[in-house]
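Protein chains get the first letters and strands the later ones, always in sequence-line order, with residue 1 at the start of each. Keep in mind that what you see is a predicted model, and the values were worked out from it rather than measured.
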Amino acid sequence: MSDNKKMVEAITPINEDFAQWYTDICLKAELVDYSSVKGCVILRPYGYAIWENIMHNLDARFKATGHENVAMPMLIPESLLQKEKDHVAGFAPEVAWVTMGGNEPLEDRLCVRPTSETLFCDHWSRVLHSYRELPMKYNQWCSVMRWEKTTRPFLRTREFWWQEGHTIHETAEQAIAETEQQLETYADFAEKDLNIPVLKGRKTDKEKFAGAEATYTIEAMMHDGKALQSGTSHYFGDGFCRAFDVTFAGRDNTLQYPHETSWGVSTRMIGAIIMTHGDDEGLILPPAIAPIQVVLVPVAAHKPGVLEKAAELQMRLSKFVRVKLDDSDNSPGWKFAQWEMKGVPLRLEIGPKDIEKDQCVIVRRDTREKSFVPLAELEVQIPALLKALGDNLYARAAENREKRTFSCTTMDEVLKTAAEQNGYIKTMWCGALACEEQMKEQAGISSRCIPFEQEHLSDVCPCCGKPAAQMVVWGKAY
RNA sequence: CGGGGUAUAGCGCAGUUGGUAGCGCGCUGCGUUCGGGACGCAGAGGCCGAGAGUUCAAGUCUCUCUACUCCGACCA
């Protein structure tokens with residue numbers, strides 16, 4: 001095949017140059033196009049369809065737990081952004097400003113939202129009066145802007161699409177429970193629907209969200225062993241609410257500050273899907289969010305009855321899966337390669353020989369395994385194959401993570417391991433910022449999280465030798 | 001933001017010491033094909049990333065900018 005110059009979309013082999021492979025997939029699977037503004041990408045129909053499926057799935061989960069959608073403005077007055085000092089310090093270096101209105105300079109410049117905590121708090125300061133109105137559990141689907149220096153499609157763009165949930169609660173306990181619940185929602189979605197195993201934990205102070213008391217994260221490991229922060233959930237205590245004067249009359253009729261959370265996932269998740277599951281043939285999409293779950297390829301479509309049979313199957317399958325009939329003039333081989341590139345989980349081939357035998361050929365994208373399936377069994381076999389494929393994607397990813405997870409008790413081990421390969425490195429940690437910085441400087445790794453599931457690897461921190469009670473997972477990150 | 005690379009048709013590329021642009025694939029039409037990236041014939045398609053400059057003349061030389069890409073630094 002390598003001498004065939006007519007390949008539809010040749011991509012760089014995954015193990016030859018992972019970064020280039022990733023970029024190739026983004027462009028050649030027609031997920032994105034670049035725009036004329038650095039770091040601002042166009043989500044093309046196929047890429048946006050993936051995002052739509054992610055949105056629908058998560059939105060249903062949020063609604064089921066009592067959240068309501070809202071829409072906030074995209075502009076934030078500078079004065080509002082300034083109110084919480086840690087927050088503004090964290091975001092100021094990467095916000096874009098609107099300084100002109102028409103031809104007139106603005107007296108107060110406006111920031112294009114990098115995140116909307118300030119807008120929500122400003123709003124709540126006006127509408128909240130009584131404990132009876134709590135909790136307020138809001139979410140919005142929108143895009144935000146952060147003026148990143150280095151950009152890559154999905155992983156880090158200046159404008160990106162996400163959801164940001166913002167809630168306020170009467171008590172700290174309730175807010176903390178909300179933070180945990182939403183992290184759990186993300187983890188469940190990642191594992192069950194994206195087939196991506198995730199590591200749940202808390203961020204160190206160095207890595208937590210600007211202005212938060214605690215940041216919880218799900219971390220996913222990519223094919224090359226690098227980590228990708230794939231979703232975060234923050235507990236703010238009452239810090240923002242105090243800064244924005246958000247108050248309510250409590251049960252005892254005293255004025256109180258609510259306790260706040262926020263949580264978000266973004267189009268970065270699509271990057272995680274690509275880099276977790278893809279292979280040399282292209283993208284592999286988890287069945288739950290694949291825009292097309294089964295592509296129907298008629299073979300010898302000009303022969304009488306073939307297209308008719310394919311159209312009939314399309315109608316039948318559309319009742320229980322997202323199906324596309326590719327009745328274009330391209331050759332079957334071209335279609336096979338093209339739909340593999342685009343990551344469609346199952347391909348169903350139907351030709352004259354099949355029709356004679358009342359069967360079809362079904363090919364799995366993950367293993368490329370072919371099977372002959374009697375047409376009568378499609379309603380049973382297709383869902384079973386989709387399930388098996390999703391399970392296999394998860395198992396493969398889990399295996400890769402397992403292979404690339406290491407425990408170290410001394411700095412020498414850490415340095416050696418980090419130098420040899422990418423992956424998770426588990427060590428004990430004393431909690432000192434200095435040791436965290438040393439890990440970055442010497443081994444080139446950052447703390448991914450303090451996992452909820454702790455292990456006791458040794459008694460001391462490998463950096464400073466002081467007593468260490470908690471285990472941290474380190475790694476190189478996107 | 002620092003360092004390396006790139007920018008010529010939709011994609012991949014060629015274009016000599018400066019002389020006004022070509023190839024393959026794709027695309028359009030017709031016909032033959034069709035179980036792993038088909039073939040024939042006939043066509044369409046380019047202010048050479050942008051802006052200045054040098055020159056009789058710039059894809060080619062000079063400067064500036066922009067975007068992409070890779071490696072760092074930075075970054076919910």
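Cation-pi geometry between A/Arg347 and A/Phe336 is met: the NZ or CZ atom falls under 6.0 Å from the ring centre, inside 45° of the normal.
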Legend entry - Per-nucleotide protein contact string for nucleotides 67-74 of chain B, where B marks a base within reach and S marks sugar-phosphate only (heavy atoms under 4.0 Å, - for neither): SSSS-BBS
Inset, instruction - Take nucleotides 43-49 of chain B nucleotide by nucleotide from the 5' end and write B, S or -, depending on whether a protein heavy atom sits under 4.0 Å from the base, only from the sugar-phosphate, or from neither. - result: -------
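Ranked by how close their nearest RNA chain B nucleotide is to the 5' end, A/Phe336 and A/Ala210 are led by A/Phe336. Comparing A/Trp339 and A/Gln229 by the nucleotide of RNA chain B that holds the closest heavy atom to each, the one mapping nearer the 5' end is A/Trp339.
Under the side chain to side chain contact (heavy atoms under 4.5 Å, CB included) criterion, A/Ser328 pairs with A/Asp326, A/Asn330, A/Lys335, not counting sequence neighbours. A search for ring-ring contact (aromatic ring centres under 6.0 Å, His included) contacts involving A/His277 returns nothing, not counting sequence neighbours. Legend: residues meeting ring-ring contact (aromatic ring centres under 6.0 Å, His included) with A/Trp339, ordered by chain and number and at least two apart, are absent. The ring-ring contact (aromatic ring centres under 6.0 Å, His included) search around A/Phe189 returns none, not counting sequence neighbours. Applying the salt bridge (Lys or Arg N to Asp or Glu O under 4.0 Å) rule to A/Glu84 yields no partners; only residues at least two apart in sequence or on another chain are considered. For A/Arg61, the salt bridge (Lys or Arg N to Asp or Glu O under 4.0 Å) criterion is met by A/Asp188, A/Asp193, not counting sequence neighbours.
B/C1 and B/G72 make up a base pair, with Watson-Crick or G-U wobble contacts both under 3.5 Å. The pairing partner recorded for B/C39 is B/G31, the criterion being a Watson-Crick or G-U wobble arrangement whose two distances lie under 3.5 angstrom. Base-pair partner of B/A44: not found among the strands shown (Watson-Crick or G-U wobble, both distances under 3.5 Å). Checking B/U64 for Watson-Crick or G-U wobble geometry (two distances, each under 3.5 Å) identifies B/A50 as its partner.
Under the 3.5 Å distance criterion, with hydrogens and angles disregarded, a donor-acceptor pair is assigned to the side chains of A/Ser262 and A/Glu117. Side-chain contact of A/Gln140 with A/Ser116: a donor-acceptor pair under 3.5 Å is present, judged by distance alone. A side-chain donor from one of A/His234 and A/Thr215 sits under 3.5 Å from a side-chain acceptor of the other.
Note on A/Glu340: a base of the nucleic acid sits closer than 4.0 angstrom, heavy atoms only. A/Phe18 comes within contact range of no nucleotide atom at all, as no heavy-atom separation falls under 4.0 Å. Across all strands shown, A/Trp147 has no heavy atoms under 4.0 Å from either base or sugar-phosphate atoms. Among the atoms of the strands shown, none is found under 4.0 Å from any heavy atom of A/Thr115.
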Show me the side-chain donor-acceptor pairs of residues 47-54 of chain A shorter than 3.5 Å, one per line, residues at least two apart or across chains.
from, atom 1, to, atom 2, distance (Å)
A/Asn53, ND2, A/Ile289, O, 3.0

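Applying the salt bridge (charged side-chain N to carboxylate O under 4.0 Å, His left out) test to pairs two or more places apart or on separate chains, those with a residue in residues 221-244 of chain A are A/Asp238-A/Arg242.
Near RNA chain B, meaning a heavy atom under 4.0 Å away, the residues from residues 349-367 of chain A are A/Glu349, A/Gly351, A/Pro352, A/Lys353, A/Asp354, A/Val361.
Annotation: side chain of A/Ser233 is not in contact with side chain of A/Thr261 (no heavy-atom distance under 4.5 Å).
Ring-centre distance between A/Phe244 and A/Phe120: not below the 6.0 Å cut-off.
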Mind listing the N/O atom pairs, protein and nucleotides 32-34 of chain B, below 3.5 Å?
from, atom 1, to, atom 2, distance (Å)
B/C34, O2', A/Ala300, N, 2.8
B/C34, N4, A/His302, ND1, 2.8

